[in-house]
Amino acid sequence: MQNEAMQNSNMTDPFGRDITYLRVSVTDRCDFRCTYCMSEDMTFLPRKDLLTLEELDRLCSAFIHKGVKKLRLTGGEPLVRKNIMSFVRTLSRHLESGALEEITITTNGSQLAKYASELADYGVKRVNVSLDTLDAAKFHDITRRGMVGQVMEGIDAAKKAGLAIKLNMVALNGFNDHEIIPMMKWAHGEGMDLTMIETMPMGEIDGDRNELYLPLSKVRESLRENFTLTDIPYKTGGPARYMQVAETGGRLGFITPLTHNFCESCNRVRLTCTGTLYMCLGQDDAADLRAPLRESEGDELLSAAIDEAISRKPKGHDFIIDRDNKGPAVSRHMSLTGG
Ligand code: SAM
Ligand code: SF4
């Protein structure tokens, strides 16, 4: 139920940043177990704790009425949540009304062959596909179960459906550093952007994250030996900073939470599938929106809880890869709040 007072009541945090971007983790479950993201034997949330898709829709709609213009569905793997397509279809009414500018999705690509054309039908124009290696055996190792061929079929289907594709590649020291150039050439040759991501210290994993950490400042310097990289103002609403690569004609993004703090322009908050709102990816402070959502059929309580949460959005994160401290800086896994 929409109340007039909530319409267009824009959200601005204490540091003057307008909050216009909501990332929604629709499930913490995933069909992969990427080694830097999860442990092998993850305990997932009990299904009874999950908000229904109707409740998630109510929450998203409340944010949209409060000024959110971009919505990204993520996870876990968003495309493994049951009935996810009906959720996207319902949300697309906000695209049709013009209240929302964009719905995007971050996916591991395993289910994309099945869903790409439906996503396009519901107004999705761009997808981010995570792909850390093109080598089938290495892909199977890093995801602990994934088949790279399935992701390639997904990418093909997304292309055929007319979706713009950005690849996300986590830079992993000693694992895929030698694949960065081939991946970039391939992605750009196929008309896809490529964004490199630094590993972030989130959630317990089985190995040592310090050993995997590869600063992107180093990657950029070594790329400059063979390529002409020029800073460009291109923005997709997220934290990546883009460069144009003269030799390939494509765009290369860098998400560098550790070597360059991207917080000053942060316009995002993150909602989990249990209705918890994280105001910063790199901080534990959170607000429960499930209780105000369920307490009343109207959205006044919810709106007040959102305002209170935004007033607590911190200036920035405290990520640090600490050689002496092997534990994560943030205890929750990335799969709870999404990328
Ligand atoms: N399952 C989907 C996927 O893999 O694209 C969406 C969720 S996943 C958590 C979102 C992004 O976060 C992926 O690109 C993934 O590679 C990245 N990611 C996961 N754990 C990370 C970590 N600890 N540091 C940096 N990136 C991470
Ligand atoms: Fe799943 Fe994405 Fe995490 Fe890999 S990065 S385990 S695909 S949620």
Side-chain angles (χ1 to χ4, degrees), residues 21-38 42 44 53 56 60 70-89 91-92 102-134 139-140 142-170 183 186-187 190-197 236-240 253 255 268 270-273 281 333-339:
Y21 190 164
L22 179 68
R23 294 196 175 194
V24 187
S25 174
V26 295
T27 175
D28 65 327
R29 287 166 196 256
C30 187
D31 50 346
F32 292 174
R33 297 285 183 281
C34 301
T35 54
Y36 52 81
C37 178
M38 294 188 179
M42 284 288 285
F44 294 109
L53 292 175
L56 274 176
C60 292
K70 287 176 192 249
L71 202 67
R72 175 173 295 280
L73 306 182
T74 176
E77 174 46 42
L79 296 181
V80 301
R81 174 122 191 207
K82 209 171 157 204
N83 293 331
I84 187 68
M85 282 303 119
S86 68
F87 181 59
V88 181
R89 187 185 60 231
L91 282 175
S92 69
E102 188 174 54
I103 301 176
T104 54
I105 189 154
T106 302
T107 173
N108 65 23
S110 69
Q111 311 300 310
L112 207 46
K114 196 156 107 197
Y115 292 131
S117 79
E118 249 187 296
L119 286 170
D121 289 347
Y122 303 147
V124 174
K125 299 214 161 20
R126 298 191 296 133
V127 289
N128 287 1
V129 180
S130 302
L131 186 61
D132 301 322
T133 171
L134 293 169
F139 186 83
H140 191 264
I142 195 83
T143 58
R144 294 201 184 96
R145 55 202 69 193
M147 312 291 275
V148 76
Q150 209 176 332
V151 178
M152 292 300 173
E153 284 170 22
I155 290 175
D156 280 347
K159 257 193 223 149
K160 287 201 182 89
L163 299 173
I165 304 165
K166 186 185 78 153
L167 297 182
N168 279 344
M169 177 182 191
V170 178
M183 182 76 90
W186 175 69
E190 297 286 319
M192 301 182 282
D193 289 346
L194 173 67
T195 293
M196 308 292 310
I197 309 177
T236 58
I255 299 186
R268 297 172 288 286
R270 294 174 158 84
L271 183 67
T272 72
C273 53
L281 181 65
H333 287 90
M334 183 76 110
S335 49
L336 190 68
T337 33

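Every heavy atom of this structure was used, including side-chain atoms; hydrogens, water molecules and symmetry mates were not.
Between A157 and A113 the shortest heavy-atom distance is CB-CA, 3.7 Å. Taking every heavy atom of both residues into account, A161 and S117 meet most closely at CB-CA, 3.9 Å. The shortest non-hydrogen separation linking T106 to S130 is CG2-OG, 4.3 Å. Considering every non-hydrogen atom in both L91 and C60, the closest pair reads CD2-CB, 3.9 Å. Considering every non-hydrogen atom in both V124 and L163, the closest pair reads O-CD2, 3.0 Å. Minimum interatomic distance between Y115 and M85 (heavy atoms only, all atoms of both residues): CD2-CG, 3.5 Å.
The side-chain heavy atoms of I103 and Y122, taken from C-beta on, include no pair separated by under 4.5 Å. Inter-residue side-chain proximity for I155 and M192 is flagged as met; some heavy-atom pair is nearer than 4.5 Å. A 4.5 Å side-chain heavy-atom check between R126 and K166 finds every atom pair outside the cut-off. Looking at V80 and Q111, their side chains come closer than 4.5 Å, going by heavy atoms from C-beta outward. No side-chain heavy atom of T272 sits under 4.5 Å from any side-chain heavy atom of D28. Residues W186 and L131 meet the side-chain proximity criterion, which asks for heavy atoms closer than 4.5 Å. Contact check for F32 versus M38: no side-chain heavy atoms found under the 4.5 Å cut-off. Using a 4.5 Å cut-off on side-chain heavy atoms (C-beta onward), R81 and L56 make contact.
Among V24, V127, L119, T27, the single residue meeting the side-chain contact (heavy atoms from CB on, under 4.5 Å) criterion with L73 is V24.
With 3.5 Å as the limit, one finds a donor-acceptor pair spanning the side chains of E77 and T107.
Note: M169 CE to T133 OG1 = 7.0 Å, rounded to the nearest 0.5 Å. Distance check: M183 CE to M196 CE gives 8.0 Å after rounding to the nearest 0.5 Å. With rounding to the nearest 0.5 Å, the separation of OG1 in T35 from CD1 in I142 is 3.5 Å. Here the straight-line distance linking atom CZ of R23 with atom CG of L271 works out to 13.0 Å at 0.5 Å rounding. The CG atom of L281 sits 4.0 Å away from atom CZ of R270, with the distance rounded to the nearest 0.5 Å.
Every salt bridge (Lys or Arg N to Asp or Glu O under 4.0 Å) that R144 has, sequence neighbours left out, goes to E40, D206. Applying the salt bridge (Lys or Arg N to Asp or Glu O under 4.0 Å) criterion to E190, with sequence neighbours excluded, gives K159.
Panel note: side chain E102, backbone K70; no donor-acceptor pair is recorded below 3.5 Å. A donor-acceptor pair under 3.5 Å links the side-chain atoms of R72 to the main chain of I105, judged by distance alone.
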Evaluate side-chain contact (heavy atoms from CB on, under 4.5 Å) for N108 paired with T143, printing each intermediate quantity in order. CA-CA 10 Å; N108 65 23; T143 58; over 6 Å; no
Start with the C-alpha distance between M152 and L134, add both sets of side-chain angles, then the distance that settles side-chain contact (heavy atoms from CB on, under 4.5 Å), and finish with yes or no. CA-CA 9 Å; M152 292 300 173; L134 293 169; 3.2 Å; yes
